[in-house]
Amino acid sequence: MTEVVVVGAGPVGLFLACELRLAGVDVTVLEQRAERGDITKGVAMHARTLELLAMRGLAETFLDNGVRLPGWHFGFLEQRVDFTGLDSPYPFVLSFPQDRTEAILEDRALALGARIVRGVQAVGLRQDHDSVRVQSADAEYRAAYVIGADGAASTVRKLSGIDFPGTDATFYSYLGDVVADSPPAPGFNVVNENGAMMVAPMPGGFHRVAGYDPLRQHAGRGALSLDELRETASRISGADFGLHSPKWMTQFDSATRVASSYRAGRVLLAGDAAHMHFPAGGVGLNLGLQDAMNLGWKLAAVVRGRAPATFLDTYETERKPWAEDVARHTMAQTALITATTAEGLALRQLLSDLMGSLPEMSQKIARRLSAIDVHYPPADPDAHPLTGTRVPVAAMPDGRPTTLEISPGTTAIVRPDGYVWWAGKPEDAAAFVNSTGEYR
Ligand SMILES: Cc1cc2nc3c(=O)[nH]c(=O)nc-3n(C[C@H](O)[C@H](O)[C@H](O)COP(=O)(O)OP(=O)(O)OC[C@H]3O[C@@H](n4cnc5c(N)ncnc54)[C@H](O)[C@@H]3O)c2cc1C
């Protein structure tokens, strides 16, 4: 029996495996794909994710190989969101392709001792009061806990009977990660009566070209050809930007859902298995990595018998509201991206003007997209006001909590996922550590 089986070696499953291994938990990751993925899918890495990676000593690998973008779009508004004022060591969006993120995380998970079994598709799940069994076509894996990190169509979620309420697709979006011989100026995005388009630089000389084309709605989800992308670009933007050499081309939809529960007994969900939404703002992968960081240390404490199983319920309490927030602001953005009527364009102009003239609006949206705003209100009303707030970066390479002097006379104990666990007078810290030692 393994202590934890993670179903899905996407970025979230792999990062969770790393976090569990840091705490010494025995982890097996089951992945249906025989080979590593080569899809560039999630490219935007936001400030809070970079802070969390920095806590584990991983940020440099990403920073050295990504493209730093000072601004990013909100609903393709002409005036961009300015990230340069974020109170973070990483006041930008880092463009970094998902296949490389997965490769980095897989190498790390293996180096930390995780077992990754490829070519195994989970098709069955059965749990009793002391274990869960995951079945594939020809084997069974027994574990104390199972994590469904198997993406938006999660088999684990369905087999656990967890609902996935939300809205169905209302439109389809095109996307090509391609080379552009004549790219537009950085920060290009446009919405007009013909549709919507954004172009964002990626590492390796690629650009992401994506948006909404009213004339491509019949095509639904799936394949897109280079000729079709060039025709769409010309019609919406007046130029095809010399697009060629596609790395990834697709059509995807705007369905938005959040799991009704993140836990069913010994089964938990993380990443896209728990939430899906239109990728406006480039936040989905970030949200999932933050789930993994929140869940990892808690699950390790429970598996090792240092915390009661009910401790796992704080994972949903803390993380689900942020997934719901992302669902709301990505839906708001889809309304703006598809606002191609005269009235819609007028609304866009008004909001864009506000974004340009009210720095506070841009800053608030930057904080929201970057997840700098994420905090976890304490259950105890008498807790110190700093409890549950974000610590920008604290060196925790081994995933152990750390103690920081945050102001003269105030000490904070920082959780392994970078939020204040306790704050107060330095002389009281030892008592808190003793009281919670069982969780660590
Ligand atoms: C077009 C597009 C653009 C995006 N852009 C961004 C962006 O810029 N920034 C951002 O943050 N996010 C972005 N996202 C979202 C991001 O790609 C996802 O949030 C991310 O992939 C979620 O990771 P995950 O590990 O939860 O799931 P996935 O990446 O879906 O991984 C799930 C894994 O589970 C495996 N699996 C599935 N079922 C089984 C099974 N039954 N048994 C075994 N294995 C199984 C799959 O093969 C897969 O490897 C984008 C998404 C799309 C579609």
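Every number for a ligand or one of its atoms is a count from 1 in the order of the listing.
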Practice problem: Decide side chain to side chain contact (heavy atoms under 4.5 Å, CB included) for R216 and Q251; before the verdict, give the C-alpha distance in whole Å, the side-chain angles of both, and the deciding distance to 0.1 Å. | Solution: CA-CA 9 Å; R216 287 202 51 75; Q251 286 237 139; 2.9 Å; yes
Quiz item: Under 6.0 Å between the ring centres of Y90 and H46?
Solution: no
Quiz item: Taking the six-membered ring for Trp, are the ring centroids of F252 and F278 within less than 6.0 Å of each other?
Solution: yes
Starting from [atom], which protein heavy atom do you reach first, and at what distance in Å?
atom	value
atom 47 (O) of ligand 1	E31 OE2, 2.6 Å
atom 25 (O) of ligand 1	V12 N, 3.1 Å
atom 26 (O) of ligand 1	D272 N, 2.9 Å
atom 39 (C) of ligand 1	Q32 OE1, 3.3 Å
atom 12 (N) of ligand 1	L285 N, 3.0 Å

Report the part of [X] in contact with ligand 1, treating N, CA, C, O as backbone and CB onward as side chain, heavy atoms under 4.0 Å; options are side chain, backbone, both, neither.
X	value
A44	both
R208	side chain
A149	backbone
V283	backbone
V156	neither

Run the numbers for me: atoms of ligand 1, each under 4.0 Å from some heavy atom of [X], listed by number.
X	value
G271	26 (O)
G10	25 (O), 31 (O), 33 (C), 49 (O)
N286	10 (C), 11 (O)
V43	6 (C), 7 (C), 8 (O), 9 (N)
T155	41 (N)
L175	1 (C)

Heavy-atom proximity to [atom], best of [options]:
atom	options	result
atom 50 (C) of ligand 1	S173, A371, P279	P279
atom 21 (O) of ligand 1	R118, E102, Q98	Q98
atom 42 (N) of ligand 1	G13, G42, A122	A122
atom 51 (C) of ligand 1	K41, H46, M202	K41
atom 27 (O) of ligand 1	G151, G8, A292	G151

Quiz item: Any salt bridge between D325 and R328, counting N to O under 4.0 Å?
Solution: yes
Give a yes/no verdict on whether any heavy atom in [X] is under 4.0 Å from an atom of ligand 1.
X	value
V120	yes
P11	yes
W248	yes
M276	no

Can [X] be said to sit on top of [Y]'s aromatic six-ring, NZ or CZ under 6.0 Å from centre and within 45° of the ring axis?
X	Y	result
R208	F206	no
R235	Y174	no
R157	F164	yes

Quiz prompt | R142-S131 side chain donor-acceptor pair, cut-off 3.5 Å | solution = yes
Quiz prompt | D181 and H244: side chain donor to acceptor below 3.5 Å | solution = yes
Quiz item: Would you call the rings of W297 and W421 parallel, tilted or perpendicular, where under 30° means parallel and over 60° means perpendicular?
Solution: perpendicular
Quiz item: Which word best sums up how the rings of F188 and F241 line up, parallel for under 30°, tilted for 30 to 60°, or perpendicular for over 60°?
Solution: perpendicular
Quiz prompt | Side-chain (Q79) to main-chain (S352) donor-acceptor, under 3.5 angstrom | solution = no
Quiz item: Which pair of non-hydrogen atoms, one from D417 and one from Y376, has the smallest distance, and what is that distance?
Solution: OD2-CE1, 4.2 Å
Quiz item: Where do F76 and V191 come nearest, in terms of heavy atoms and distance?
Solution: CB-CG2, 3.7 Å
Quiz item: Do Q121 and ligand 1 have an N or O pair less than 3.5 Å apart?
Solution: no
Quiz item: Could you go step by step and tell me if S173 and D253 meet the side chain to side chain contact (heavy atoms under 4.5 Å, CB included) rule?
Solution: CA-CA 6 Å; S173 183; D253 70 48; over 6 Å; no
